[in-house]
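Count residues from 1 along the sequence. On a predicted model such as this, the values are computed, not experimentally measured, just so you know.
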Amino acid sequence: MIKEMPFSNFSQVQELMGLDEDEDEDDKESEKKGLIDRIHMVQEIIIAVQSILEEMASFGERIKNTFNWTVPFLSVLACLVLAAATVILYFIPLRYIVLIWGINKFTKKLRNPYAIDNNELLDFLSRVPSDVQKVGNERPPPTEETSGMESGWVLCLGNTMPVHF
C-alpha cells in the first residue's frame, strides 16, 4: 500500500528540502537575465543584417549611378572598358579568354608571392558615390543672403561670368 506523507502542505516539504523563496527569486532573476541576453543577441543580429542590406543597396546604387553619369569620367571609363571587352570577345574565342584568365589566376602566387589581392570592380565602384553620399554632398542653392547679389552673375572686365560659391 501507499504510505501517506506526513506533511500535508507542499511548502513544508520545500522548507525541509531547503528550497526557500530566495531561490525562487534567484530563478526569476536568472530568467530575466537570460531574456535580456537574448534581447541583446537579437539586437546584434538585426544590426548585422541591416548593415549587410545597407552594403548591398549601396552597391546597387553605385552601379546605377555609374550608368546615370553621376561621375562622368568614371562613366566614360566604364563605357570604354565595356566597348573594349565587346571587341575582344568578338575577335578572340571565349575558350582562349577563359584559358588565359585561369593561367593568370592560378600562377599569380607563383609569379609574385607577396602581391596583395584586390578586386578591380569593387575598387572602381568604391569611387562612384551612392545615393546617400550624393545627397550629403549636394550644395544648397545660393540665396540672396549667401550670394550678396540678386542675379548671381558678376560683371568682370566687360565679360559676364557665373558666380559659384
Side-chain angles (χ1 to χ4, degrees), residues 19 21-154 161-165:
L19 298 173
E21 292 178 8
D22 294 336
E23 291 181 6
D24 291 338
E25 290 176 7
D26 291 340
D27 290 340
K28 289 178 184 177
E29 288 179 12
S30 65
E31 288 176 10
K32 287 180 183 178
K33 288 180 183 177
L35 180 63
I36 291 172
D37 290 340
R38 287 182 187 169
I39 290 172
H40 288 300
M41 183 178 64
V42 168
Q43 285 177 342
E44 290 174 4
I45 291 171
I46 288 173
I47 289 170
V49 168
Q50 183 178 7
S51 65
I52 290 170
L53 290 175
E54 180 183 0
E55 288 296 321
M56 289 173 50
S58 174
F59 184 72
E61 290 170 356
R62 290 172 192 265
I63 292 172
K64 178 192 77 164
N65 289 335
T66 299
F67 295 106
N68 279 347
W69 297 82
T70 302
V71 181
F73 172 74
L74 295 176
S75 297
V76 167
L77 187 63
C79 288
L80 289 175
V81 167
L82 289 175
T86 302
V87 170
I88 290 171
L89 282 172
Y90 181 76
F91 288 113
I92 300 174
L94 184 62
R95 178 179 293 170
Y96 295 141
I97 293 173
V98 171
L99 179 68
I100 293 169
W101 173 79
I103 290 171
N104 181 39
K105 180 171 177 58
F106 293 115
T107 62
K108 195 176 281 188
K109 287 289 183 185
L110 295 174
R111 289 181 279 134
N112 190 0
Y114 301 110
I116 298 172
D117 291 335
N118 64 342
N119 189 337
E120 298 296 333
L121 181 63
L122 290 179
D123 288 345
F124 173 78
L125 287 175
S126 69
R127 289 167 173 78
V128 178
S130 65
D131 289 345
V132 174
Q133 291 170 337
K134 277 179 31 181
V135 169
N137 291 337
E138 286 181 356
R139 295 183 190 175
T143 60
E144 291 182 23
E145 296 132 12
T146 59
S147 67
M149 290 174 256
E150 291 183 23
S151 64
W153 290 84
V154 174
M161 298 174 58
V163 175
H164 299 286
F165 293 103

Of all residues at least two apart in sequence or in a different chain, which pass the side chain to side chain donor-acceptor pair (under 3.5 Å) check with K64? D131
Please collect all salt bridge (Lys or Arg N to Asp or Glu O under 4.0 Å) contacts where either partner lies in residues 97-110, sequence neighbours excluded, each pair once. none
Residues in side chain to side chain donor-acceptor pair (under 3.5 Å) with R95, at least two apart? none
Donor-acceptor contacts, no H, no angles, side chain residues 37-56, under 3.5 Å, sequence neighbours left out:
| unit_1 | atom_1 | unit_2 | atom_2 | d |
| --- | --- | --- | --- | --- |
| S51 | OG | I47 | O | 3.4 |
| S51 | OG | A48 | O | 2.8 |

Apply side-chain contact (heavy atoms from CB on, under 4.5 Å) to residues N104 and R111 and explain how you reach the verdict. CA-CA 9 Å; N104 181 39; R111 289 181 279 134; 2.6 Å; yes
Tabulate below the donor-acceptor pairs under 3.5 Å that side-chain atoms of residues 69-93 make, not counting sequence neighbours, or state none.
| unit_1 | atom_1 | unit_2 | atom_2 | d |
| --- | --- | --- | --- | --- |
| T70 | OG1 | N65 | O | 3.3 |
| S75 | OG | T66 | O | 2.5 |
| S75 | OG | V71 | O | 3.3 |
| T86 | OG1 | L82 | O | 2.8 |

Can you list, pair by pair, the side-chain donor-acceptor contacts under 3.5 Å of residues 112-124, counting residues two or more places apart and other chains?
| unit_1 | atom_1 | unit_2 | atom_2 | d |
| --- | --- | --- | --- | --- |
| N118 | ND2 | E120 | OE2 | 3.0 |
| N119 | OD1 | L121 | N | 3.2 |

Only counting residues at least two apart or in another chain, list the ones meeting side chain to side chain donor-acceptor pair (under 3.5 Å) with S58. R62
